[in-house]
Protein chains: 2
Amino acid sequence: MQEQIQKILKHNQLSVTGGRTKILELFLAQDDALAHADIERKTGEKFDRVTVYRTLQTFLEKGIIHSIPTSDNSVKYALCKDNCSEGHHHDHHVHFMCSVCGKTLCIDEVSVPVVNLPAGYKVEQIQMIVTGVCKDCA
Amino acid sequence: MQEQIQKILKHNQLSVTGGRTKILELFLAQDDALAHADIERKTGEKFDRVTVYRTLQTFLEKGIIHSIPTSDNSVKYALCKDNCSEGHHHDHHVHFMCSVCGKTLCIDEVSVPVVNLPAGYKVEQIQMIVTGVCKDCA
DNA sequence: AAAAACTTGCAACTCAGTTGCAAGTTTTTT
DNA sequence: AAAAAACTTGCAACTGAGTTGCAAGTTTTT
Ligand SMILES: [Mn+2]
Ligand SMILES: [Mn+2]
Ligand SMILES: [Zn+2]
Ligand SMILES: [Zn+2]
C-alpha cells in the first residue's frame, strides 16, 4: 500500500510527505467518504488541522479526491476511482447518505440518470444525492 | 400581497411581525432562491442578522420555505409551492444552478427521476442538482 | 553535499452561525 | 379598551470552521 501511495503522489507531482501519506492511507482504507473532522480524529494529534485543510485542498485540485455535497450541507471527501485530474473530474455516480449509520457512499455502479429540462437550459453537470438506509443497516 | 402574507403567517400560527412580513415579501417577489446574505442585503439595515437567521429557521420548520444544498456547499432557500408543513416537505423537483448568473432555481416542472440502487439499499429521498446555463443566460 | 523548491506548524485572524437575556411587540384574555 | 400572557427582537458575547503570513523544517533537484 505504501507503494501505491507513493505512486499516486509522484504521478501528481507532489512531494511525498508524512501528512499526505497518512491521509491518503486513510482514504484507501475507508469504504465511505470522510469529513475533515473524521480525518483529524483518525490522525490523532499527529498533524495540525491547517495541514489537513491544505492536504485536502491539494488532493482536490489534483483530482485525487472529490468533494461530495451532502444534504445537511457539510462536505465529505472520497477517492476518485476514475482518472480524474486538475479540475477535470468525472465522477458521474450517485452518492448515498445512510440515515442510520451516517455513512456517505459513492455508488460507483449507478450513474446519474439524464434529465430533460425545459427548453433553454443547458446542462453541464448533474449531481444526485440519495438519502435512505444502506445495505449494512437494512 | 400584504393580504397573502398575513394569510400565510396566520395559517402557520405565527405572529405577524415586520421582519417576517418583509422576508416573506422578498421570497414572493423573487424567482430564484435566496441565501441568508441576499436577504440581509435586501432588507438593508432594517433587521438584525440574528432575526434573519431565526426567521429562516422558523419558516423552514413550518414548511413555508425549503433549503437547497448547492454544489458549492452554501445554502439557499426558496418558497415551498406545494403545501409542505412541519417536517413534511415534498419538493421533489430538480434544482438548477446557473454558472453564468449564479442564480439557483426550482424547476417545478421536472421531478427527480427514480433511480435503481443495488439490492439492499432503501431509498428515502432523492435530491438532484443540475449545474449549467439558464434560460436567461443562454 | 549544497541549493532550490516545497511543506509544515504556529499564531493570529475572519466570518458564519448560535445563545442568553432584557426590552419591545403581538396576541389573547378579561 | 386595558391588562396579562405569549412570543419576537436586538444586543452583546461567544463558538468553531476555515484562512493567511511567516519562519522553521523537509523533500527534491542539481
Ligand atoms: Mn463519489
Ligand atoms: Mn426548490
Ligand atoms: Zn448505514
Ligand atoms: Zn443564468
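So you know, we letter chains A, B, ... as the sequences are listed, proteins then strands, and number each from 1.
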Worksheet entry | Identified pairing partner of C/dC15, criterion: Watson-Crick or G-U wobble below 3.5 Å | D/dG16
Practice prompt. Counting Watson-Crick and G-U wobble pairs only, both distances under 3.5 Å, name the nucleotide matched with C/dT29, or none.
Written response: D/dA2
Practice prompt. State, without any angle test, whether A/Q2 and A/Q6 hold a side-chain donor-acceptor pair at a distance under 3.5 Å.
Written response: no
Worksheet item: Will you find, in the side chains of B/S99 and A/E124, an N or O donor that is under 3.5 Å from an N or O acceptor?
Response: yes
Worksheet item: Considering heavy-atom distances to DNA chain C, does B/R54 or A/Q13 have its closest nucleotide positioned more toward the 5' end?
Response: A/Q13
Discussion item. Once you measure the plane-to-plane angle for B/H36 and B/Y53, does it fall in the parallel (<30°), tilted (30-60°) or perpendicular (>60°) bin?
Written reply: parallel
Response to the item:
Assert: residue with more 5' nearest nucleotide on DNA chain D, out of B/G18 and A/Q57, is B/G18
Worksheet item: For DNA chain C, which nucleotides open and close the run of contacts to chain B, 5' to 3', at under 4.0 angstrom from a non-hydrogen atom?
Response: C/dA16 to C/dT27
Worksheet item: Watson-Crick or G-U wobble partner for D/dA23, using a 3.5 Å limit on both distances?
Response: C/dT8
Discussion item. Between B/H95 (side chain only) and B/L105 (backbone N and O only), is there a donor and an acceptor less than 3.5 Å apart?
Written reply: no
Worksheet item: NA contact type, A/R49, heavy-atom cut-off 4.0 Å: base, sugar-phosphate, or nothing?
Response: base
Fill in: Short side-chain to backbone donor-acceptor contact, A/S111 and A/H93, under 3.5 Å
no
Discussion item. Keeping A/D38 on the side-chain end and A/A35 on the backbone end, is there a donor-acceptor pair under 3.5 Å?
Written reply: yes
